[in-house]
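Excluded from the calculations below are hydrogen atoms, water molecules and symmetry mates; all remaining heavy atoms, backbone and side chain alike, are included. Numbered from 1 within each chain, the chains take letters A, B, ... in sequence-line order.
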2 protein chains.
Amino acid sequence: MASITDVAALAGVSAATVSRALSGNGHVSAATRGKVVEAAETLGYVASSSASSLASGRTRNVGVVVPFVDRWYFSAVIEGAQRALMERGYDLTLYTLREDGAARASVFEQFLLRKRVDAVIAVSLELTEAEVQRLHALHKPLVGIGGPLTGVRTLTIDNPAVARLCTEHLLALGHTRIAFAGGSLDEDGAFDLNLSRRQGFAQAMHGAGIDVPDEDYRSAEYSIDTGYVAAKQLLGRPHGRPTAIVAGSDEVAIGCILAAKDLGMSVPRDVSITGIDDHELAAFFDLTTVAQFPQRQGALAVELLMDDLHPDAADADAAPRSTALPFELVVRGSTARPAP
Amino acid sequence: MASITDVAALAGVSAATVSRALSGNGHVSAATRGKVVEAAETLGYVASSSASSLASGRTRNVGVVVPFVDRWYFSAVIEGAQRALMERGYDLTLYTLREDGAARASVFEQFLLRKRVDAVIAVSLELTEAEVQRLHALHKPLVGIGGPLTGVRTLTIDNPAVARLCTEHLLALGHTRIAFAGGSLDEDGAFDLNLSRRQGFAQAMHGAGIDVPDEDYRSAEYSIDTGYVAAKQLLGRPHGRPTAIVAGSDEVAIGCILAAKDLGMSVPRDVSITGIDDHELAAFFDLTTVAQFPQRQGALAVELLMDDLHPDAADADAAPRSTALPFELVVRGSTARPAP
DNA sequence: GTGAAAGCGCTAACAA
DNA sequence: TTGTTAGCGCTTTCAC
């Protein structure tokens with residue numbers, strides 16, 4: 001494994017010059033740079049990240065903290081972040097935070113403190129006050145995605161607006177009896193994602209002058225199963241069956257579609273259904289949904305962090321602090337006018 | 001950020017003793033260790049990983065290279081590996097390898113060479129000969145999972161046996177006209193996973209003395225869509241319709257189930273279907289499948305690497321080099337005796 | 001634009 | 001068992 005002094009010797013310059021030539025920090029004449037690059041290539045030189053980190057205090061590594069990796073939304077965010085980081089020569093170190101316990105604590109007490117990362121991306125995390133403190137105590141650039149991190153700059157779509165959009169799509173088609181499936185309220189207001197989508201639905205219905213009876217709100221927890229159960233309840237009624245369902249996520253919506261099919265109903269003829277996310281399965285189920293773009297969210301988080309890490313006059317004001325994340329209604333075959 | 005000398009000063013010992021006391025390398029009296037630990041705690045000391053790596057040559061970090069993160073199997077392996085690594089105080093750095101190109105090359109030419117990882121786990125990767133060379137050139141412990149890495153110690157289930165198991169389950173139920181959906185052959189023998197599952201099916205059918213016509217093999221590529229298409233073809237036939245389908249993966253099997261439903265057929269009354277994986281959606285679709293346990297595979301890979309990294313006399317022979325990975329038939333509701 | 005030299009914070013001989 | 005002493009391989013002042 002060639003070291004910087006080997007390269008320096010071969011190129012006939014000092015180690016300092018090699019460092020400057022390869023890192024781009026400091027001025028090196030084009031001629032010297034050429035020699036250095038060539039020497040580095042012939043030797044197959046790659047700088048040791050630990051030596052470089054120790055000397056410079058920068059690791060070129062970003063920590064990504066997620067609650068799960070085996071769920072589509074999270075893995076998509078990770079994928080987007082990883083791609084964006086790799087382009088910039090950064091590594092991605094992954095931390096998963098489960099239920100409480102020693103393992104969870106150690107992420108905050110040990111892992112993130114090792115000076116292994118320059119910045120942290122926290123995805124949809126429900127953190128305690130103490131944990132947020134810990135993150136801030138790192139004094140490292142930090143950005144949240146999709147979650148309710150108080151005091152942390154967070155990228156998130158406008159959830160009420162998204163749910164309103166779904167609802168208004170159905171209203172515009174002529175539906176008036178619309179139910180909502182998603183977001184239980186039992187927890188202590190925990191994840192405001194649930195609540196905010198529900199509120200968006202309520203706003204839209206209110207705006208249309210329609211009263212929604214309590215029985216038309218069914219809770220469902222971001223899974224096909226709970227969506228299935230919710231829809232069975234909604235659609236199995238002898239009277240007052242809704243003609244459309246706004247689901248809080250695509251998983252829930254898919255559960256609703258399957259429940260409708262199992263009841264012998266046809267989507268969208270007997271019931272229209274909308275989702276949120278544009279999950280990888282949404283197209284397959286021909287689901288009308290509002291796409292958010294988790295890969296892009298991951299990439300955007302990386303861009304924000306890079307602005308912090310490399311504050312150039314150029315992009316100083318190029319990337320405003322809180323961008324409203326894009327979302328988009330994707331109309332597929334699960335919604336139509338109600339049967340006359 | 002307290003450093004080791006701060007701890008040493010507070011505990012009234014030398015930096016070397018702090019290092020020994022905290023790392024467990026070398027002998028330290030219980031009394032001294034107590035003082036050191038206490039001092040470290042009051043100062044909130046956590047060793048700098050870069051300094052430690054530079055001095056010791058060990059990073060306490062493992063690289064995991066995957067083709068995708070946003071597919072269930074891969075994300076489950078990652079999750080399992082991450083959990084196992086964290087327990088041992090190791091970090092996980094994630095690399096995704098996409099289509100060819102500069103990004104892909106740079107993983108091998110730059111990222112993995114930075115001395116940032118002590119070992120590498122390669123998941124279901126189809127690597128070129130040159131890329132495998134690169135991995136070996138790292139001279140770091142390396143273990144593959146599920147993929148065909150020539151010359152690399154690889155953890156994989158016995159794919160032919162798994163497919164045989166599915167097939168024999170159906171044969172035992174009384175099916176005789178069984179089709180196979182999965183694993184296209186078009187590529188240059190590329191991923192032997194495809195081929196080997198197909199072969200297992202063929203072996204079982206052959207063993208039962210049943211000839212399978214070519215038309216009963218349909219290719220499908222580990223996705224719901226292609227499974228759906230394959231099943232439509234198989235089940236839509238006016239004559240010689242199979243009474244059961246062995247799918248090469250759960251995604252394909254789910255596609256088959258949906259296709260059957262859309263044709264108005266009932267599963268398992270009109271057609272029995274088996275999958276492979278025990279995907280997170282399998283239970284929901286009530287799919288009979290052969291479970292492999294990707295989380296455990298990730299964890300097992302970590303154990304193997306740890307044996308290499310920390311060769312203790314104790315486990316020297318405790319973990320045999322090539323364990324046959326466990327798999328298990330999970331019989332759910334998608335299979336039954338054929339209609340009489 | 002380039003080199004010399006100091007030092008980042010830790011670990012591992014080697015002594016004591 | 002503990003302290004002393006060199007580095008590990010880079011980056012970054014500070015001169016020139």
Write down the distance between CZ (B:Arg60) and P (C:dT11), rounded to a whole number of angstrom. 11 Å
Quick one: A:Arg116 CZ to C:dG9 P, roughly how many Å, whole number? 17 Å
So does B:Glu38 have more than 12 non-hydrogen atoms from other groups sitting under 6.0 Å from CD? no
Hey, does the side chain of B:Ser52 come within less than 4.0 Å of C:dT11's phosphate (OP1/OP2), counting only N and O? yes
Measure from NZ or CZ of A:Arg71 to the centre of the six-membered ring of A:Tyr73, then state whether that distance is under 6.0 Å and the direction lies within 45° of the axis. no
Would you say A:Ser23 reaches D:dT11's phosphate, i.e. side-chain N/O to OP1/OP2 under 4.0 Å? no
What is the distance, rounded to the nearest whole Å, between atom CD1 of B:Ile4 and atom C1' of D:dG3? 13 Å
Could you check whether A:Thr59 and A:Asp118, counting side-chain N and O atoms only, form a donor-acceptor pair closer than 3.5 Å? yes
Any side-chain donor near an acceptor of the partner, A:Gln82 and A:Tyr90, under 3.5 Å: no
Between B:Lys115 and B:Val13, which has a closest nucleotide on DNA chain D that is more 5'? B:Val13
Starting at atom CG of B:Asp6, determine the distance to atom C1' of C:dG9, rounded to an integer number of angstrom. 11 Å
Is A:Arg58 touching bases, backbone alone, or none of the nucleic acid, heavy atoms closer than 4.0 Å? sugar-phosphate
Quick check on C:dT11: is either OP1 or OP2 less than 4.0 Å from any side-chain nitrogen or oxygen of B:Ser19? yes
Strictly by modelled atom types, are A:Ser52 and A:Ser49 linked by a side-chain donor-acceptor pair under 3.5 Å? no
Can you measure B:Leu22 atom CG to C:dG9 atom P for me and round it to whole angstrom units? 17 Å
Do B:Ser3 and B:Thr5 have a side chain donor and acceptor closer than 3.5 Å? yes
Mind listing the N/O atom pairs, protein and nucleotides 4-8 of chain D, below 3.5 Å?
{"residue": "D:dC8", "atom": "O2", "partner": "B:Ala55", "partner atom": "N", "Å": "3.3"}

B:Gly26 or A:Ser48: which one's nearest nucleotide on DNA chain D is closer to the 5' end? B:Gly26
Cation-pi, B:Phe108 ring and B:Arg104 (6.0 angstrom, 45 degrees): no
Which part of the nucleic acid, if any, lies within contact of B:Thr32, taking any heavy atom under 4.0 Å across all strands shown: a base, the sugar-phosphate backbone alone, or nothing? sugar-phosphate
Answer with base, sugar-phosphate or nothing: what part of the nucleic acid does A:Arg33 contact at a heavy-atom distance below 4.0 Å? nothing
Short side-chain N/O contact from A:Asn25 to OP1 or OP2 of D:dT12, under 4.0 Å: yes
